Each structure stands twice: as C-alpha cells, then as structure tokens.
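I have placed the structure first, in the form of structure tokens, so that the comments after it can refer back to it.
Just so it is clear, the model here is predicted, and its values are computed rather than measured. Lettering of chains follows the sequences in order, A, B, ..., and the numbering in each one begins at 1.
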Number of protein chains: 2
Amino acid sequence: MSRKEIQEQRMKDYFIQATKEILKGEGIQALSVRSIAEKAGYSFATLYNYFKDVKELIFLCVKDFQQECQEYVEDKTKDTERGEKKIIATAISYAEYFVQYPSVFEIFFIEKLPNSAENARISELIFSFLEKLCQEEFQYCIDQKSFTAEEVKEIVKELNCLITGVLLLYLNRNYPSDYGDFAKNLKLQVEKTMKK
Amino acid sequence: MSRKEIQEQRMKDYFIQATKEILKGEGIQALSVRSIAEKAGYSFATLYNYFKDVKELIFLCVKDFQQECQEYVEDKTKDTERGEKKIIATAISYAEYFVQYPSVFEIFFIEKLPNSAENARISELIFSFLEKLCQEEFQYCIDQKSFTAEEVKEIVKELNCLITGVLLLYLNRNYPSDYGDFAKNLKLQVEKTMKK
DNA sequence: TCAAAATATGAACAGTGTTCATATTTTGTA
DNA sequence: TACAAAATATGAACACTGTTCATATTTTGA
C-alpha cells in the first residue's frame with residue numbers, strides 16, 4: 001500500500017469504527033451521517049470524500065461484525081463435543097449474537113442493498129455466513145458418516161432460513177414475548193432440523 | 001354507528017385505501033404522508049385529524065391485506081385434497097402472496113411497531129396469521145389421527161419461522177437469486193417440516 | 001341569519017441523505 | 001524557505017421525511 005492508500009484507509013477506518021460503535025451502542029435508529037461524522041471527529045461532508053454514500057459505509061461493517069460474531073461463537077462452543085452437538089451449539093450462539101446486537105441483525109438481513117455486483121458479494125457473505133461457521137463441523141460429520149454431503153447441503157439451507165425467521169419474529173414482532181421461550185423454541189427447532 | 005362516526009370512518013377509509021394502493025403499486029419506498037394524502041385527495045395535515053401518526057395508518061392496512069391474502073390462498077388451494085397436502089399448498093401460497101407484494105411483507109414483518117398494548121395485538125395478528133390459515137386443515141389432520149395436537153403446535157411454529165426466514169432471505173438478500181430455486185427450496189423445506 | 005363548533009390546511013420545525021463551491025491544509029518544487 | 005498547485009475538509013443549501021399548530025374554511029344548529 002502506498003503512503004496515500006494507507007492514509008485513506010485510516011480515514012475510512014475512523015468512520016467505520018464510529019459506525020460500528022453507534023450500531024452496537026445506541027443502535028441503528030441513532031445512526032445518521034451526522035452522528036457518524038461527529039463520533040469520528042469530522043464534518044458529515046468529509047464522509048463523502050471517502051464513501052460514495054452511507055450504505056457503502058454501513059455494509060463495510062459487515063466483515064468486522066462477522067469476525068466478532070465468529071469469535072463469540074467459537075468461544076461459546078469451544079468445550080462442546082464435536083459433531084452434531086457442536087453444530088447445534090454453533091447455530092444457537094450465532095442467533096444469540098444477533099439478540100445481543102439487534103442492529104447488527106438489521107444490517108445483515110433487513111437494511112436494503114441497492115442492486116450491484118459489489119452488493120451481490122456482500123449479500124453472499126451474509127447468507128453464507130452460518131454455513132461458514134458450521135463448515136468444519138459438518139465436514140467432520142460427513143467424515144464420520146453421520147451425514148451425507150447431500151444431506152448437509154439441505155440442512156445448512158434449512159438452518160439458515162429457520163434461524164433468520166426465528167430472529168426476525170422475535171426481534172421485530174416480539175414473538176415469543178419472553179426470551180426464555182424464544183431460546184427454548186430456537187433450541188428445539190434447531191435440534192429438530194438436525195434430526196430429520 | 002352515529003352519523004358522525006360513519007363520516008369519520010369514511011374519511012379514514014380514504015386514507016387507508018390510498019395507503020394500500022401505494023403499497024401494492026409503487027411500493028413502500030414511495031409511501032409518505034404526503035403521497036398518501038395526495039392520493040386520498042386531501043392535505044397531508046388532514047391525515048393527522050384522523051390518525052395519531054403514519055404508523056397507525058400503515059398498520060390499519062394489515063387486516064385488509066390479510067383478508068386479501070386469505071382469499072388468494074383459498075383460491076389457490078381450493079382443489080387440493082384435504083390434509084397434509086392442503087397444508088403444504090396453503091403455506092406455499094401464503095409465501096407466494098408476499099413475493100407478489102414485497103411491501104406487504106415489509107409491513108407485516110419488518111416495519112417497526114412502537115411498543116403498546118394496541119401494537120401487541122397487531123403483532124399477534126401477524127404472527128398467528130399462517131396458523132389461522134392452516135387451522136381448519138390441521139384440525140382435520142388431528143381428527144384423522146395423522147398428527148397429535150402437540151405435534152401440530154410445534155409444526156405450525158416451525159412453518160411460521162421457516163417461511164418468514166425463507167422470504168426475508170429471498171426478498172432482502174436475493175437468496176436464492178432465481179425465483180425457480182426459491183420456489184423449489186420453499187416447497188422442499190415445507191414438505192420436510194410436515195414429515196418430521 | 002348568524003354564532004359556534006368541527007374540519008381542512010399550509011407554514012414551520014427538526015430531522016434525514018446528498019451535492020457543491022469554497023476554505024483550509026498538505027505537498028512538491030523553485 | 002517561499003510559493004504555487006494539488007489534495008482535503010467543510011458548511012451552506014437542497015430536497016426529502018414526519019409532525020405540530022395557528023388559522024382559514026366549512027358545517028352545524030338555533
């Protein structure tokens with residue numbers, strides 16, 4: 001990276017960092033071009049010298065949040081025995097992360113992405129993320145002959161859709177209204193999906 | 001209803017009708033207090049003499065859309081044989097309706113509801129809607145002893161979460177990117193859920 | 001017919017994202 | 001070191017958003 005590129009990336013990181021902090025703290029309803037710039041210590045207009053619009057900035061946070069989520073999941077599941085149990089624990093921890101940071105769920109699944117080749121890649125990053133988290137463990141299951149590769153493909157898709165829906169209904173429609181019920185339901189359904 | 005109440009309801013209906021038309025036509029991104037009022041033939045300020053805010057107006061459309069969706073589903077499934085097959089057809093038609101009207105999906109599952117007793121009722125209306133659509137047929141299955149009441153309770157919950165997730169990923173993250181793949185996946189997963 | 005009540009309305013406000021001309025700073029050369 | 005040129009930061013302005021409120025208009029009833 002040239003001197004210039006380093007400096008430019010540093011500027012971008014200030015804005016990205018500010019965006020992440022607001023999303024994890026005050027939440028997405030507090031996020032605006034002006035609030036981001038203020039937290040970064042610049043004018044809102046400066047932001048436009050580094051990003052084409054605020055959506056670009058927002059979606060640049062996805063990778064960082066995924067990294068953080070992955071670390072959360074790995075820590076939560078590190079003592080779980082390998083195989084099916086670990087996959088279940090991974091899926092549940094993945095969901096827990098979004099309950100803890102609802103605004104991250106919004107960015108990942110709700111915030112609109114204008115159609116473009118770049119955004120298609122971001123989209124893919126998002127919807128293949130759970131698969132990525134479980135990949136190693138599913139491979140282990142295939143090696144152990146507890147699942148075929150074909151079965152795994154279907155299960156991953158189903159887990160992904162299921163958990164996304166469970167989260168959306170809980171976070172946006174308060175269903176179930178109690179967190180305990182949500183967690184119980186999540187566990188039950190994830191286990192069921194693994195059993196089929 | 002008193003004369004006054006009739007007139008007031010009529011005014012409300014003008015705004016509700018306008019809102020529904022915009023949502024089904026130009027979509028939610030074209031929906032604003034001013035666009036609704038213009039379509040209704042009044043000033044935007046008049047709207048506030050009948051609704052406390054635009055959210056109240058938007059969520060008053062839910063019942064109408066559910067009615068419409070129900071008619072769509074009933075028409076699509078009227079020739080399907082009773083029992084499990086009809087439930088599957090119902091769930092798929094339900095999803096199809098939202099693919100046809102993505103803005104209705106937004107209202108139902110994405111648009112934020114401020115916390116209140118009134119909104120809790122709207123929320124319940126939404127997340128129990130699929131159950132309502134399938135209720136009669138599930139009862140038939142219970143009577144036929146193909147499912148127990150306990151099983152039905154779990155299956156309904158799972159169908160609900162699953163379809164919500166499938167729709168969210170398709171409509172907001174273009175996953176899968178092809179409608180055919182979406183429909184195939186939807187069918188497969190609904191059938192799987194019924195089989196467990 | 002006319003006062004009183006009900007209703008409709010535009011101005012105004014605070015917020016949003018974005019653009020652009022300009023002020024400021026940094027850079028490289030003379 | 002001085003200065004012109006390029007790079008960068010910025011506030012004003014614009015077109016939107018939802019909402020409030022004083023006021024203009026219409027309807028009602030005596």
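- For A/Glu38 and C/dG15, the CD to C1' distance is 15 Å, given to the nearest whole Å.
- Among the atoms of the strands shown, only primed sugar atoms or phosphate atoms (P, OP1, OP2) are found under 4.0 Å from some heavy atom of B/Val54.
- Here C/dG17 is the nucleotide among C/dA8, C/dG17, D/dT10 with the atom lying nearest to any side-chain atom of A/Val33.
- Each of C/dT9, D/dT19, C/dT18 was ranked by its minimum atom distance to the side chain of B/Thr46; first place goes to C/dT9.
- Listed nucleotides D/dT10, D/dT20, C/dT19 differ in distance to B/Phe44; the shortest reach to its side chain belongs to D/dT20.
- Ionic pairing of B/Glu118 and B/Arg121 is present here: one or more N-O contacts between side-chain nitrogen and carboxylate oxygen are shorter than 4.0 angstrom.
- Following rounding to the nearest Å, A/Tyr14 (OH) and D/dA9 (C1') show an atom-to-atom distance of 15 Å.
- Between A/Ala30 and A/Lys52, it is A/Ala30 whose nearest contact on DNA chain C lies nearer the 5' terminus.
- Comparing C/dC20, C/dG17, C/dA8 against the side chain of B/Asn49 picks out C/dA8 as the nearest.
- Nearest to the side chain of A/Ser32, among C/dT7, C/dA8, C/dT16, sits C/dT16.
- Distance, A/Leu57 CG to C/dG17 C1': 13 Å, rounded to whole Å.
- Between A/Tyr97 and A/Glu68, the side chains place a donor N or O and an acceptor N or O closer than 3.5 Å (distance only, hydrogens not considered).
- Side-chain contact of A/Glu21 with A/Gln17: a donor-acceptor pair under 3.5 Å is present, judged by distance alone.
- In this structure a side-chain-to-backbone donor-acceptor pair under 3.5 Å is missing from A/Glu158 to A/Glu154.
- If you check distances only, the side chain of A/Arg34 never reaches the base of D/dT10 with a donor-acceptor pair under 3.5 Å.
- Put simply, NZ on B/Lys12 is 15 Å from C1' on C/dT7, counting in whole angstrom units.
- Across all strands shown, D/dG29 forms a Watson-Crick or G-U wobble pair, both distances under 3.5 Å, with C/dC2.
- D/dT17 atom P lies 11 Å from atom CD1 of B/Ile22, rounded to whole Å.
- Heavy-atom nearest nucleotides on DNA chain D were determined for B/Leu31 and for A/Met11, and the one closer to the 5' end corresponds to A/Met11.
- Side-chain proximity of B/Gln7 to C/dC20, D/dT28, C/dT27: nearest is D/dT28.
- Taking the six-membered ring for Trp and the full ring otherwise, the centers of A/Phe98 and A/Phe108 sit less than 6.0 Å from each other.
- As the counterpart of D/dA2, C/dT29 is assigned, both hydrogen-bonding distances of the Watson-Crick or G-U wobble pattern falling under 3.5 Å.
- Between the side chain of B/Lys55 and the backbone N or O of B/Lys112, at least one donor-acceptor pair lies under 3.5 Å.
- The nearest heavy atom of DNA chain D to B/Lys55 and to A/Leu47 marks one nucleotide each, and the one closer to the 5' end goes with A/Leu47.
- OP1 or OP2 of C/dG10 has at least one side-chain nitrogen or oxygen of B/Ser43 nearer than 4.0 Å.
- In this structure, the CZ atom of A/Phe51 is 12 Å from the P atom of D/dA9, given to the nearest Å.
- Note on A/Tyr50: every side-chain N or O is 4.0 Å or more away from OP1 and OP2 of D/dT8.
- Between B/Tyr48 atom OH and D/dG18 atom P there is a gap of 6 Å when expressed in whole angstrom units.
- Between B/Gln29 atom CD and D/dA15 atom P the separation is 21 Å, expressed in whole Å.
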